[in-house]
Protein chains: 2
Amino acid sequence: MTSRLEALCMEKGLKMTGQRRVISQVLSEADDHPDVEEVHRRAVQIDPRISIATVYRTMRLLEDAQVIERVDLGDGRARYEEATADHHHHLIDTRTGRIIEFASPELEAMKERIAHELGYKIVGHRLEIYGVPLDDAADGIRDEEERP
Amino acid sequence: MTSRLEALCMEKGLKMTGQRRVISQVLSEADDHPDVEEVHRRAVQIDPRISIATVYRTMRLLEDAQVIERVDLGDGRARYEEATADHHHHLIDTRTGRIIEFASPELEAMKERIAHELGYKIVGHRLEIYGVPLDDAADGIRDEEERP
DNA sequence: TCTGGGATTGCGAACGGTTTTCAGTATGAT
DNA sequence: ATCATACTGAAAACCGTTCGCAATCCCAGA
């Protein structure tokens with residue numbers, strides 16, 4: 001069966017090898033923001049003869065082809081998500097690591113305005129919010145402070 | 001002569017060694033966002049017997065003491081600036097690497113509101129805008145696309 | 001002012017994520 | 001089916017950063 005990403009890759013004229021097919025499948029099925037090691041872990045479950053090097057190479061390939069997007073969440077490793085048309089950002093739960101996506105047109109507009117006032121045209125941007133659940137915070141549950 | 005950061009360090013009760021004094025001076029005089037290597041480069045010019053390891057250690061020390069702040073601009077290395085009371089963000093000129101600081105109370109408020117709507121209390125956040133000068137963009141000068 | 005001992009330093013080795021090299025393998029245009 | 005080409009696996013190289021260890025420094029107390 002052809003995964004969504006695989007179709008996208010063929011559309012872009014990429015050579016479809018077995019490992020690319022598997023990685024595409026893994027990424028199509030993912031609804032989180034896996035890092036390379038995690039993608040590899042999942043890929044190996046489908047076909048054990050996929051090396052981590054190939055995963056790295058394929059992620060870069062897919063990124064360059066704009067099929068996926070790299071997300072830098074400041075934890076020292078690259079995470080990925082499927083490329084989407086609309087801009088969105090991430091709220092990271094520092095307690096659990098859960099990542100919540102959100103979009104805000106007003107925020108986009110404001111950002112655009114700020115850049116313009118500074119004499120710049122935006123070519124990229126990123127916003128991350130680190131937070132803790134309101135109710136937990138109220139409970140006064142201790143937050144083992146990571147460096148955000 | 002005692003640099004501004006050196007005074008701050010003594011206030012915090014840190015043991016003032018020769019190399020810490022030099023690094024404090026370098027940071028006090030910096031008005032940009034140097035990475036560790038750059039700080040080392042400048043420190044060595046004042047006293048050649050400072051190792052890069054010590055710079056790494058001192059930067060972390062000063063960061064923990066909230067004397068300086070780490071800035072992750074997504075270029076794979078840590079950059080630093082003096083700690084300030086007010087939150088601000090960075091606009092990075094992708095053409096030149098120049099970093100422009102800006103603050104926006106409205107933006108802060110909006111961010112706060114978004115987090116609250118998602119049920120979170122903010123413990124940290126970061127916003128970076130990558131852009132090119134408006135006039136350059138208008139001229140149609142080619143932008144050698146880095147991965148932002 | 002001199003001293004003792006814990007903190008700090010320099011060096012090089014180790015580390016974790018990522019990229020590259022290279023020889024062997026698979027792909028898909030013919 | 002064939003063949004040039006692109007791709008792959010394994011291991012080494014890389015790069016920013018941290019760590020282990022012996023030597024050194026700082027400074028409170030004498």
Side-chain angles (χ1 to χ4, degrees), chain A residues 2 5-7 9-26 33-41 43-44 46-65 67-80 97 146-147, chain B residues 2 5-6 9-26 33-41 43-44 46-65 67-80 97 146-148:
Chain A
T2 308
L5 254 69
E6 187 183 334
C9 288
M10 298 182 74
E11 237 171 76
K12 304 241 178 189
L14 303 180
K15 189 186 260 192
M16 283 318 294
T17 65
Q19 21 286 75
R20 286 187 186 168
R21 238 182 290 274
V22 170
I23 293 168
S24 295
Q25 184 190 333
V26 165
H33 298 77
D35 57 25
V36 171
E37 233 178 298
E38 181 60 32
V39 173
H40 181 235
R41 207 171 292 131
V44 161
I46 300 173
D47 181 344
R49 61 180 141 180
I50 294 180
S51 80
I52 188 89
T54 294
V55 179
Y56 272 107
R57 277 189 284 239
T58 305
M59 298 308 275
R60 182 200 266 270
L61 184 83
L62 296 181
E63 191 190 349
D64 290 349
V67 172
I68 59 177
E69 268 168 30
R70 179 193 301 241
V71 189
D72 176 358
L73 298 183
D75 60 353
R77 76 196 90 188
R79 295 169 167 281
Y80 293 89
E146 293 300 321
R147 39 184 73 250
Chain B
T2 307
L5 255 68
E6 187 184 337
C9 288
M10 298 181 75
E11 238 172 75
K12 305 245 177 187
L14 302 180
K15 188 187 259 191
M16 284 317 295
T17 65
Q19 21 287 76
R20 284 186 187 170
R21 240 182 287 275
V22 171
I23 293 168
S24 295
Q25 184 191 332
V26 166
H33 299 75
D35 57 25
V36 172
E37 232 178 299
E38 182 59 32
V39 173
H40 182 236
R41 207 171 291 132
V44 160
I46 300 172
D47 181 343
R49 60 179 139 182
I50 294 180
S51 80
I52 188 91
T54 294
V55 180
Y56 271 108
R57 277 188 284 239
T58 304
M59 298 309 275
R60 183 200 264 270
L61 184 83
L62 297 181
E63 190 190 351
D64 289 349
V67 172
I68 58 176
E69 268 168 30
R70 180 194 298 241
V71 189
D72 176 358
L73 298 183
D75 59 355
R77 76 196 92 188
R79 295 170 167 280
Y80 293 90
E146 292 299 320
R147 41 183 70 248

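Worth saying up front: this structure is predicted, and the values here are computed from it rather than measured. In the text below, chain A, chain B and the rest are named by the order of the sequence lines, each starting its count at 1.
Using a 4.0 Å cut-off, some side-chain N or O of A:Gln19 falls inside it from OP1 or OP2 of D:dG9. Distances shown here put a side-chain N or O of B:Tyr56 below 4.0 Å from the OP1 or OP2 atom of D:dT17. Residue B:Thr17 has a polar side-chain atom (N or O) positioned under 4.0 Å from OP1 or OP2 of C:dT9. In this structure, A:Arg20 reaches the D:dC7 phosphate: one of its side-chain N or O atoms is under 4.0 Å from OP1 or OP2. Contact between the side-chain N/O atoms of A:Arg60 and the OP1/OP2 oxygens of C:dT19 is found at a separation under 4.0 Å.
Using a 4.0 Å heavy-atom distance criterion, B:Ile50 is classed as a sugar-phosphate-only contact.
Between B:Asp72 and A:Gly74 the shortest heavy-atom distance is OD2-CA, 4.0 Å.
Between the P atom of D:dC3 and the NZ atom of A:Lys15 lies a distance of 16 Å, rounded to the nearest Å. Following rounding to the nearest Å, A:Met59 (CE) and C:dT18 (P) show an atom-to-atom distance of 10 Å.
A donor-acceptor contact under 3.5 Å links the side chain of A:Arg57 to the base of C:dT21.
Of the listed nucleotides (C:dG10, C:dT18, D:dA10), C:dT18 has the atom at the smallest distance from the side chain of A:Val36.
With rounding to the nearest 0.5 angstrom, the CD1 atom of B:Ile50 is 14.5 Å from the CZ atom of B:Arg41.
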